[in-house]
Structure formats: C-alpha cells, structure tokens
Asker: 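Got a structure here, written out as structure tokens. Questions coming.
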Amino acid sequence: MVITEPDSTEPDRGDGREPEAAATAPEGAEPGDQTEDGTDDHERWQRFAAGATPAPAAEAPPGRLRAAGRLAARAARSEWTLAALFSALLAVGMTWPLARNLNRVIPHDLGDPLLQAYTLGWLSDALRTDPASVWGTNSFWPAPDSLLFTDTLFGYAPAAMFAVDGPSTLVVYNVLFIATFALAFLGGYALLRQLGARVAGSAVGAAAFAYAPWKLAHLGHLNVLSSGAIALALAMLARGHGWSMRDGFKPERQRPGWIIAGWLVALWQFAIGVALGLSFVYVMLAIAVVVGLFWLVKRPALNWRTVAADGAGGVVFSLGVLWIADRHASVAQAYPETVRDYDYVAWFSPTWQSFIIAPEESRLWGAAHEAARTDLTWPPEQTLLVGFTVLALAIAGLIWSSWSRWQRWCLALGIAVLTALAMGPHFLDDGRWAYGLLYEYAPGFDAVRTPGRLVLYITILLAILAAGTLTRLADDADAVAHESRVDRRLQVKAPRRVHALFFLPIVFVLGEGLMVPEFHEPPAAPLDVSELEGPVMFLPSDGRDTQVQFWTVDGFVDMVNGSAAFTPAATSELREMSKSFPDESAIADLREAGVETVVVIPDWLPGSDWAGLDTEQEPLGVDVERTDDAIIYHLNAE
C-alpha cells in the first residue's frame, strides 16, 4: 500500500533545487509575451528555473506494455517502495540470525513464544477443518472458548493457514516476529511523514518507535510487538482527512479511500489481541472526541464522501470490535479469574525509575542497568526505557521544533497524562485519580495485568517531538542555503551531504534497540502425541505446558494442560488432585473427571510439585506403557 507524502513537503530535485512559488520573469519579459510556438515567455522561464526539460514533440501514446513498464519503474523508485524495502531489510538485520533458522528455533524463550506459535497452529487447523469450533482449543479440556483465555492472534489468520505442522508453524511464527518490526518502522515512518516531518526526522522517529529498548523485554510476546498497525492506521486516517501538523486541515486533500483503509487496519490491529487492542480502542475514541469538538468549533468543510467513508469505516470497526469484545466478555463472565485485583496490578506496574531502566535483553544497556532492575518486582513489565537518544531529541523539540508551540505543549501534556496512567497504582495516591479511574469505570481494564504497556503511546509522542527537532534542523539548513544563493530567482536547498547528517541519530537509536540474541530449539515430543487417546493430562502440569501445547500441533488431542493469561479454577483443581498420582484416589478422581490418559515425563519431575510421584508403581486396572522419555498410563484399559 502506497501513501503519498504530504503536499507541504516537496521532494528534492536532482540538483537539490526547486522553483520558488512565484518565480520572477527575466528582465524585459512581459507576462503574456509568446514565442512562435504560442508558449508564454514567463511560463517558459519558470520551467527553465526549475530545471525542467523542454516538452518533447507530440508523439503517439505508448502501448499498454510500455505504459505498464513505466508505471512499474516509477513504483520501484517511489519513496514508499524504498521505505518498505528498507523496513524489511532492517528488521531482518536487527533480528539476525533468526532468518537463517526459521524452521528450527524460536526467539527469547520456550514459554509464551511456543504458546503463540501453538495459537497460530490452532487457527490454521480450526479454520481449515471446522471454523465454527475456532474459539474452543484442545487445551484446558473441558473448558469452552479456551482460545479467548489469551490474545487470539486472529488478525494473523491468513498467515496462520500456512502452519500445518511443527516446523511450518515455527516458520510462520518467526516470519511474523520479524514482520512486526518491519511494519512498526514503516507505520511509524508513514505517520511522521503524514504529520509533516521530513525524511530524516521520520526515519529516526520510526526507528525509535520500532526498536525502543522497552520492546526487548517483550520479545516473547508477539501480541505486544504487533504495534505497527496502530501507527499505520493513524497515518491513513490523517491522510484521508487531509490533515497534518504542519499544514492543518486541507479540504482539497481529503481522500475517502484512505479513511476506509485506516478503519480496516485499525480493526485488524484489534483482531490481533486485546493486550494492545483495548487501549487502542480507547485512544481512537479519544481522538474521535477531539476531532468532533474541533468540527463543532471550526466547522471545516467536509465533503460527503469523507462523511460517508467515516460512517462506513466507523461502523465496520465498531461492529468488529463489539463482536470480539463480546466473546471476551462472555469468557470474563464465566471465569471470575479473569479480573485482576488492584494489588495484583500494582505488582506488575512500573515506577518512576522504570522509564529510564532497560531490560536485560538490551545489548547496549542490559548489563549496565542490572543493579537498577533488582529493585523491581517484575522487570519484564517494568523496564520501560524508550531510548536516551529519542528522549534527548524530544526534550530539544519542546524548545526548538518545526511544530508550533501549541502543538508541542499538547504533545508534552499527552506524555504527562500517559505516564501517569502507565504507572498504574504506583502514581500519586495509588493512581486513584489516574489509572484507577480506568480500572473502575472503563470496561476491560480490570482484566489488564499491567498498565505499563501504555508506554507504546508515550513512544509515539516522543518520536513525533524528535522528528520535529530534526525537521527544524533540515528546514533551517535549507533556509541558510537559500539566503546564500547567487541567483535570487532560484530556491536553493542545502546540499544532500548536509541533509545526510540529519540521519546520523538513527545509528544511536538502532544501537539502543539491539537485542541480545537468544534463540531456542523446541524439544521434541517424548512420544507420538497424535496417537494418544484423549482427554490427556501431562505431568508435571506447570509453566512447561506451553511446550506440551506446541507438541499437539500435530493432531490437537484434547488435554487438560494449558497455559494462558489466567488458569480456570477447574484446571487448577485437576492439577491439585493429580499431585498424588498414581494413588488410587487420584486415579479415581481423574477417571470421574473424564481423563483417559496420563503421560508422565520423568525428566521434568525433579523440583516440581510432582517430584514425589512414584514412577515405579503400576496401579491395578491401569495399563502402563513405558518409553525412554515418558510413562503412559491408560486409565480405562480393558
């Protein structure tokens, strides 16, 4: 998808020059003087000053093939083609060597990444075989709607269709993992260009958004890394409404098609998961309120196509959000465990210091901030460094920027409000007048584990301020060059080597975003899981259930095991009664619950709650099958 840059930002000419808005005619030339070919002398002089070549003699229009070739050539040279290519190559480089081992390893750890890879595999199997059953996975048997126990990644369903077994599921997950960084950069770049930032400022701001150090703590959370569509949707909606920060609202620039696309991309973002989707819906609502008030006061000229596009797009977005939200609400009603206690939220919430502390996954700052992390209760959610480079540029942008003073103060206010909300119960007065209001009165926030992920929007606002600083530098460099020009009839820009210097901060931004490479090869299943008679219970049943879930990608046998954002009470009860297995009482309880097979993995027993399990015992009425890596108990053997 191609987004043309705002009209206020003119592309550089080949020689770094462009015509003034009102070029003067040569001495002695009068407007209206015409040459033998009927061309106005003043018009010809304007073309000459712009460095334009004389119009060629009229010739027959090119054929379809030649026209298509010219169109392809122009598209290949487009700023947005180059931006997309750069985004993809940068993402591959920043996550290297993952691209070399797509079908063998998974990034960060064997916990949540395997859970989300399993989720992709389930989406593929359910949508290909029985779409109506997509909400109820084979995990957490016999609980219904178990896909909704965590982020569904439903927006990734088209890509998930390629996940048909273990290796292909890893490939799909890893490609999406890399793509999240590419889309975040491209989306951030599109937003900043639409707002009016120049290329260098937009590139630096996009890098700060895509590779913020706080994201490194979430390398195991594909749902949290998937934030690029937020920036992209905002860029499309701003473009469609003809609005930018530099030029304000321009009625002639309204593009209804971009409005429709923006609403659809916003819905796609929400469909990936509510971890980011919930706050995004409220952000969209807040923007709608601000825009509505602006319209009431200023009454800008909106054409009927814009109004129709907003109506249609808004309705589709709202219906899609309500449909998904209703599914989650039904789960929340059935399982009170989804509600987070306010003290529980406080355990995961950041403090004032969190915003300058980097996670351990940061190659540049991880070791240096190790002592600071020891005072945090849960560092993965509390290390929220956005990057010292973007912070410095943003602070400079509060004083000296291409954005207006009023716009800068609005951005600063937004950062302050979001910081207060992101701190949750750790803000003043336990956050009762900030995040506490969302927790008490905004639907959905009582199920959010940590408010710290609102740092995403702080990062966007800081990137906008930073882009404004670099845009002002580029503007001033051009102004100096223009004032120093010899020919007063030409508008002169600074040399390209000068503008290249404004890209320099991206090196420091990317340096802060470098990760400590950590890739793991999922262990092979100790037996053919697809041959088991379900429902199955694997023991021990603890944090390693994500590996068990991934093993079931080849067959999806029903099982008690599961890992998600919360654990249903029924699953906790089955786990508790299984701790005395293979005692007769435990076997009787599991039989009564409907469990057919129990698989014990001896290597996992030491140090677990099942460490005392007697693996040598062979209970009466139970068929016991032993392999090198597992013991299979058939509870209802005849």
Side-chain angles (χ1 to χ4, degrees), residues 1-7 80 84 151-159 183-184 186-196 226-245 247-329 442-444 456-457 460:
M1 188 171 290
V2 179
I3 303 177
T4 57
E5 65 177 295
D7 296 342
W80 297 104
D151 277 354
T152 65
L153 304 182
F154 198 77
Y156 287 137
L183 184 59
L186 185 61
Y189 183 81
L191 177 60
L192 293 169
R193 288 293 278 158
Q194 175 57 37
L195 294 180
S226 302
S227 60
I230 292 176
L232 187 60
L234 295 176
M236 289 176 169
L237 290 169
R239 177 65 178 173
H241 288 87
W243 182 84
S244 71
M245 287 180 63
D247 298 331
F249 174 68
K250 298 293 183 183
E252 67 277 8
R253 296 181 184 174
Q254 295 175 71
R255 299 291 185 272
W258 285 114
I259 295 174
I260 294 291
W263 283 113
L264 293 178
V265 171
L267 178 58
W268 177 67
Q269 172 69 53
F270 185 81
I272 293 174
V274 296
L276 296 184
L278 177 67
S279 60
F280 182 48
V281 169
Y282 282 97
V283 167
M284 294 287 286
L285 180 61
I287 292 174
V289 171
V290 172
V291 171
L293 292 175
F294 173 81
W295 184 86
L296 288 174
V297 174
K298 298 291 186 179
R299 295 299 176 97
L302 297 177
N303 63 50
W304 70 270
R305 293 184 180 86
T306 297
V307 176
D310 272 320
V315 167
V316 171
F317 175 77
S318 300
L319 291 177
V321 167
L322 289 174
W323 177 61
I324 297 174
D326 180 66
R327 302 294 307 189
H328 282 281
L456 170 71
Y457 300 98
I460 292 176

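Everything numeric in this text was worked out from a predicted model, so none of it was measured.
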Asker: Identify, with sequence neighbours excluded, every residue that meets salt bridge (Lys or Arg N to Asp or Glu O under 4.0 Å) alongside R327.
Answerer: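 For R327 the salt bridge (Lys or Arg N to Asp or Glu O under 4.0 Å) partners, ignoring immediate neighbours, are D145.
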Asker: Could you note down all residue pairs passing side chain to side chain donor-acceptor pair (under 3.5 Å) where residues 306-321 supplies at least one of them, sequence neighbours left out?
Answerer: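 Pairs touching residues 306-321 that pass the test: H241-D310, Q254-T306, W263-D310, N303-T306.
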Asker: Distance check, rounded to the nearest 0.5 Å: L186 atom CG versus L191 atom CG?
Answerer: 11.5 Å
Asker: Given side chains that start at C-beta, do those of W268 and I272 come closer than 4.5 Å, heavy atoms only?
Answerer: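 A side-chain contact exists here, since the closest heavy-atom pair is under 4.5 Å.
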Asker: Minimum heavy-atom separation for P251 to A301, with atom names?
Answerer: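 Residues P251 and A301, closest heavy atoms: CB-O, 3.8 Å.
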Asker: If you define the side chain from C-beta out and look only at heavy atoms, does anything of Y156 sit under 4.5 Å from S226?
Answerer: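 Side chain of Y156 against side chain of S226, heavy atoms only: contact under 4.5 Å found.
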Asker: Would you give me the side-chain donor-acceptor pairs under 3.5 Å for residues 277-298, sequence neighbours excluded?
Answerer:
unit_1: S279; atom_1: OG; unit_2: L276; atom_2: O; d: 3.1
unit_1: Y282; atom_1: OH; unit_2: P443; atom_2: O; d: 2.8

Asker: Closest approach of L183 and L232, non-hydrogen atoms and distance?
Answerer: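 L183 and L232 have their closest heavy atoms at CD1-CD2, 4.1 Å.
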Asker: Partners of W304 by ring-ring contact (aromatic ring centres under 6.0 Å, His included), sequence neighbours excluded?
Answerer: none
Asker: Between L267 and F317, which heavy-atom pair has the shortest distance, and what is it?
Answerer: N-CD1, 3.6 Å
Asker: Sequence neighbours left out, what passes ring-ring contact (aromatic ring centres under 6.0 Å, His included) with F154? Give chain and number order.
Answerer: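 With sequence neighbours excluded, F154 shows a ring-ring contact (aromatic ring centres under 6.0 Å, His included) to W135, given in chain and number order.
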Asker: How long is the straight-line distance from CG of D247 back to OG of S244, given to the nearest 0.5 Å?
Answerer: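 If we round to the nearest 0.5 Å, S244:OG and D247:CG are 4.0 Å apart.
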Asker: So, for D151 and A275, which heavy atoms are closest and what is the spacing to 0.1 Å?
Answerer: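 D151 and A275 have their closest heavy atoms at OD2-CB, 3.0 Å.
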Asker: Residues in side chain to side chain donor-acceptor pair (under 3.5 Å) with T152, at least two apart?
Answerer: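 Side chain to side chain donor-acceptor pair (under 3.5 Å) check on T152 returns nothing, list empty.
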Asker: First locate atom CG of L237, then atom CD1 of I260, and finally report the distance between them rounded to the nearest 0.5 Å.
Answerer: 9.5 Å
Asker: Please find the pair of heavy atoms, one from A229 and one from V265, that lie closest to each other, and give the distance.
Answerer: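 Closest heavy-atom pair between A229 and V265: O-CG1, 3.6 Å.
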Asker: How close do P256 and A309 get, heavy atom to heavy atom, and via which atoms?
Answerer: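 Shortest heavy-atom contact: O-CB, 3.6 Å.
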